[in-house]
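This report concerns only the one structure given below.
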2 protein chains.
Amino acid sequence: MAHRTISDEELLGRALELFRTYGFEGVSLKRLAEATGLEKASLYYRFPGGKDDIAMAVVNGVAAAMQHLVFDPLHTGEGTPRKRLQGVIERLREFYACGTKSCVFDLMSIPGASPELKASLRTTMKAWLDSFAAIGRESGLASGQARTRAEEAIGRIEGGLVLARVMGDGAAFERALKTVPELLGTA
Amino acid sequence: MAHRTISDEELLGRALELFRTYGFEGVSLKRLAEATGLEKASLYYRFPGGKDDIAMAVVNGVAAAMQHLVFDPLHTGEGTPRKRLQGVIERLREFYACGTKSCVFDLMSIPGASPELKASLRTTMKAWLDSFAAIGRESGLASGQARTRAEEAIGRIEGGLVLARVMGDGAAFERALKTVPELLGTA
DNA sequence: GTCTATAAAGAGATAGAC
DNA sequence: GTCTATCTCTTTATAGAC
């Protein structure tokens, strides 16, 4: 079958699912080709840098997703901080499929990934910390405590995802999400 | 050079460092051979199942390490719960090298690892949860809350390790460790 | 118990047809 | 813009010498 085109968005979405499932090192071009319905050579045409290039595009896509799933609604959205944070938590629950899907920050931040990729992950993580700290301040926390609590909340979420993966049960992630409003002062 | 023997303990220690650095999929037999000073064929002689076999032995070693670094001192050790937990936290700090080393529960619990390996990780994680819950109860927490807090503490530790890796700075792990005594009621 | 050598499969990468 | 074909290097795994 010739010319089985697939949009960049669809392609990168499927690549994301592979990377967050198998980890950076666990994803091969063969797997990417099977998941996208393209041959390896076609992937090289669209992403000349090969796997690193695709992984970078995936991570940039995640950064964009975090921007409009989390950062924008928290910062420029309507309603009380409490309501905005509730909405963000709902979107995180969906993004991580109730704890059944792992975090790309976790599985792609290991050696083997390019320095650029790791830098992008770090930048997005910083933005997440800033975003949660801002909502904490808006809810009345002092600046220093808002930073501490933002790290605590994100740590709980990431740790909950690890626990959920190890235990084979998303419940630990759900419980972690529940602690976030109190940590950020919107409970 | 012939017959460059290495003890199982030393061999598995070096393998552990590889697995917790590069993840399960990122470790090849070539890397294991280089790190241990043995040829690949020698590794197959000692671990006939190859990489899966070595990984399983590594994870069993980690289970044993957790037993005498964490579970035994918490359960049968001397001193107040507060003192025992302090000692355990010190040992965890050392085991994770102040947040510069990742958690084997995290990096080895992905597809690619054998079901037996994942089962062993889960069993050890359950033991960790039980151990922290027991110290919480001993410190006066109600049974249900002790379980919740144990998961919270381990989640914070695991999340702190993920944050430390992503940010390239162990500080997030150190801050996570600091929250543990309060969570378990020994602060 | 470790070595050298090698086979077979998988991975990354490119050339050239359509 | 995707395909088939191919090349090289890596990885897993085994056979047989010492």
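Remember, it's a predicted structure, so these values are computed and weren't measured experimentally. Values below: all heavy atoms of this structure, side chains included; hydrogens, waters and symmetry mates excluded. Chain letters run A, B, ... following the sequence lines, proteins first and then strands; every chain starts at 1.
With dC3(C), dT14(C), dT11(D) as the candidates, the nucleotide lying closest to the side chain of A41(A) is dT14(C).
We find that CG of L29(A) is positioned 19 Å from P of dT8(D), with the value rounded to whole Å. Taking atom CD1 of I6(B) as the reference point, atom C1' of dT2(C) lies 13 Å away to the nearest angstrom. Rounded to an integer number of Å, the gap from K51(B) NZ to dG10(C) P is 15 Å. Per the geometry, CZ belonging to F47(A) stands 15 Å off P belonging to dG12(C), to the nearest Å. One can place CD of E34(A) at 11 Å from P of dG10(C), the figure rounded to the nearest angstrom. One atom, CG of L11(A), and another, C1' of dT2(D), lie 13 Å apart when rounded to the nearest Å. As a whole-Å value, the separation of L43(A) CG from dT4(D) C1' is 15 Å. We find that CG of L38(B) is positioned 11 Å from P of dT4(C), with the value rounded to whole Å.
OP1 or OP2 of dA13(C) has at least one side-chain nitrogen or oxygen of Y44(A) nearer than 4.0 Å. For the pair Y45(B) and dG1(C), the criterion of a side-chain N or O lying under 4.0 Å from OP1 or OP2 is met. Listed pair T5(B) / dG1(C) fails the phosphate criterion, with no side-chain N or O lying under 4.0 Å from OP1 or OP2. Distances shown here put every side-chain N or O of R31(A) at or beyond 4.0 Å from the OP1 or OP2 atom of dA11(C).
Side-chain atoms of R31(B) come within 3.5 Å of backbone N or O of G26(B) as a donor-acceptor pair.
S42(A) comes within 4.0 angstrom of a base, heavy atoms only. Within 4.0 Å (heavy atoms only), K40(B) reaches at least one base atom of the nucleic acid.
Ion pairing between a basic and an acidic side chain is recognised when a charged N comes within 4.0 Å of a carboxylate O; R84(B) and E138(B) show such pairing.
In this structure, the side chains of R93(A) and C98(A) come closer than 4.5 Å at one or more pairs of heavy atoms. Side chains of E17(B) and K101(B) form a contact here, defined as non-hydrogen atoms less than 4.5 Å apart.
One hydrophobic cluster, built from ILVMFWY side chains closer than 4.5 Å, cannot hold both F132(A) and L183(A); they sit in different ones.
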